[in-house]
There are 2 protein chains.
Amino acid sequence: MTVKTKGRPRGFDADEALDRAIEVFWEHGYEGASLTDLTSAMGINRPSMYAAYGNKEELFRRAVARYAEHDMAYAREALAEPTAYQVIERFLRANADALTRADRPAGCLSIQGGLAGGSDNGEVAQFLAASRLGGERALSGRLARAVEEGDLPAGTDPAALARYVMTVSEGNAVHAAAGVDRASLHATVDLAMRAVPRSPEAP
Amino acid sequence: MTVKTKGRPRGFDADEALDRAIEVFWEHGYEGASLTDLTSAMGINRPSMYAAYGNKEELFRRAVARYAEHDMAYAREALAEPTAYQVIERFLRANADALTRADRPAGCLSIQGGLAGGSDNGEVAQFLAASRLGGERALSGRLARAVEEGDLPAGTDPAALARYVMTVSEGNAVHAAAGVDRASLHATVDLAMRAVPRSPEAP
DNA sequence: GTCATTCCATACCGAGCGATACAAAAATAC
DNA sequence: GTATTTTTGTATCGCTCGGTATGGAATGAC
């Protein structure tokens, strides 16, 4: 459904350029990524960026949204596993792999992007925190279903378990950003899984 | 042991000023903290800062060193607990409290300070990573002793367990920076402790 | 007292920041 | 073809950044 355009056509693919921007933000954080870094990586110049995305912050929000949809697709896929234990393990394993992909910066954009409120009043950090919380809520909902299904022991707090899983995931992201290798992250997952409760009658 | 001075005496306490700088770096990160922010919080002006600390990066390193010595003293104290399980629990509990102190910014300086390599080539991020690794090594050494003493099951990998504990600690720091309250962090510690092995003959 | 030394206050530097003004270039509409 | 619309390239804006030059203020040495 290409809309019939009038003026000069855009000389770049907006999504491909966004992927380049993702990597720059990922590597340098929101504040550390300058417009010169971004536009040169995207292969466009400043006015094209402003026309296509608005401004730097909007570009970042678009980048995070695309990152959540593509680079973190494994998180949604993990929710489809049949048992809570399998959901959690698949998520943490895929996460450990994603944090150490050779063709991407180490770590996780939604954490490296910016934890502290920089020059702005922490708007970027809050946006990222909200984005992460969305994932935690989705996992919590899936685990609540597992409790109902008897897949997790009765009395298990789904929100607390989801928060624990995300905590391990975020800690692994911090480690990955510091250069820890994939095998070590999986060793951490090995240990972390020992804390995940399993129902007695579960397979 | 006050050294006999010659010229005009310094009009501020270097350590107190450092404490103010710690909070600014903690809240805004290394890049987000401007010299104007820093010096006005420290109650001094720029030339005094440069005379006393060298430059912004040196000020940051001094701040992190003081932070590690004072604000993270609980980590060293935890190592003195008699058993590995108690070492780990005391560390994670004290950590959860420290991450949510009312009189300090939420979270942890050594993580909020900067995860991604900003304008510099990630020197600050690497410095912080090395600082965190120091803590992990200290814990690993303590846990290795616990294995020797039979306090942890034979075959336990002390480095892996130490890394797991630090991962939980860092994940909690990310959550704390996002505004998660103290009780929730302790609930995560409750779960995390389930993964810590205990020797059968341990008390 | 005078001198030497150190610290503090103001005012400023070049550089890089995010963001834009403007006109040439490239497409469609007619 | 001409008119219209949109994108692109260049050159630049005002601003803030980290860092500093300079001269006066405050102390010890003598």
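Reminder, nothing fancy here: chain letters follow the sequence lines and each chain counts from 1.
Residues in residues 124-135 of chain B take part in these salt bridge (charged side-chain N to carboxylate O under 4.0 Å, His left out) pairs, two or more places apart or across chains: B/R132-B/E170. Sorted by first and then second residue, the salt bridge (charged side-chain N to carboxylate O under 4.0 Å, His left out) pairs involving residues 177-196 of chain A (not counting sequence neighbours) are A/R93-A/D190, A/D97-A/R182.
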Restricting both atoms to N or O, compile the protein contacts to nucleotides 18-22 of chain D shorter than 3.5 Å, with distance only.
residue : atom : partner : partner atom : Å
D/dG18  : OP1  : B/A33   : O            : 3.3
D/dG18  : OP1  : B/K56   : NZ           : 2.7
D/dG18  : OP2  : B/L35   : N            : 2.7
D/dG18  : N7   : B/R46   : NH1          : 3.1
D/dG19  : OP2  : B/Y50   : OH           : 2.7
D/dG19  : OP2  : B/K56   : N            : 3.1
D/dG19  : O5'  : B/Y50   : OH           : 2.9
D/dG19  : N7   : B/R46   : NH1          : 3.2
D/dG19  : O6   : B/R46   : NH1          : 3.2

Check: protein-nucleotides 3-6 of chain D nitrogen or oxygen pairs below 3.5 Å:
residue : atom : partner : partner atom : Å
D/dT6   : O2   : A/R8    : N            : 3.3

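Using the six-membered ring where Trp is involved, A/Y53 and A/F12 have ring planes that are tilted, between 30° and 60° apart.
A/N95 and A/Y74 share a donor-acceptor pair across their side chains, judged by distance under 3.5 Å alone. A donor and an acceptor atom, one from each side chain of B/S169 and B/N172, are nowhere located under 3.5 Å apart. For the residue pair B/T36/B/R46, the side-chain donor-acceptor check at 3.5 Å is satisfied.
Contact annotation: A/S48 side-chain N/O to D/dT8 OP1/OP2 distance is under 4.0 Å. At the phosphate of C/dC8, neither OP1 nor OP2 sits under 4.0 Å from any side-chain N or O atom of B/N45.
Using a cut-off of 4.0 Å between Lys/Arg side-chain N and Asp/Glu carboxylate O, A/R142 and A/E81 are scored as not salt-bridged. Electrostatic pairing of B/R20 and B/E16 does not count as a salt bridge here, judged by no charged N lying under 4.0 Å from a carboxylate O.
Atom pair B/Y53:OH and C/dC8:P shows a separation of 11 Å (rounding to whole Å applied). In this structure, B/I44 places its CD1 atom 11 Å from C1' of C/dC7, rounding to the nearest Å.
DNA chain C lies under 4.0 Å from no heavy atom of any residue of residues 13-26 of chain A.
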Name every donor-acceptor pair, under 3.5 Å, that has one atom in a side chain of residues 159-167 of chain A and the other anywhere in the protein, sequence neighbours excluded.
residue : atom : partner : partner atom : Å
A/Y164  : OH   : A/A192  : O            : 3.0
A/Y164  : OH   : B/Y164  : OH           : 2.9
A/T167  : OG1  : A/R163  : O            : 2.7

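The backbone N or O of B/C108 lies less than 3.5 Å from a partner atom in the side chain of B/Q112, making a donor-acceptor pair.
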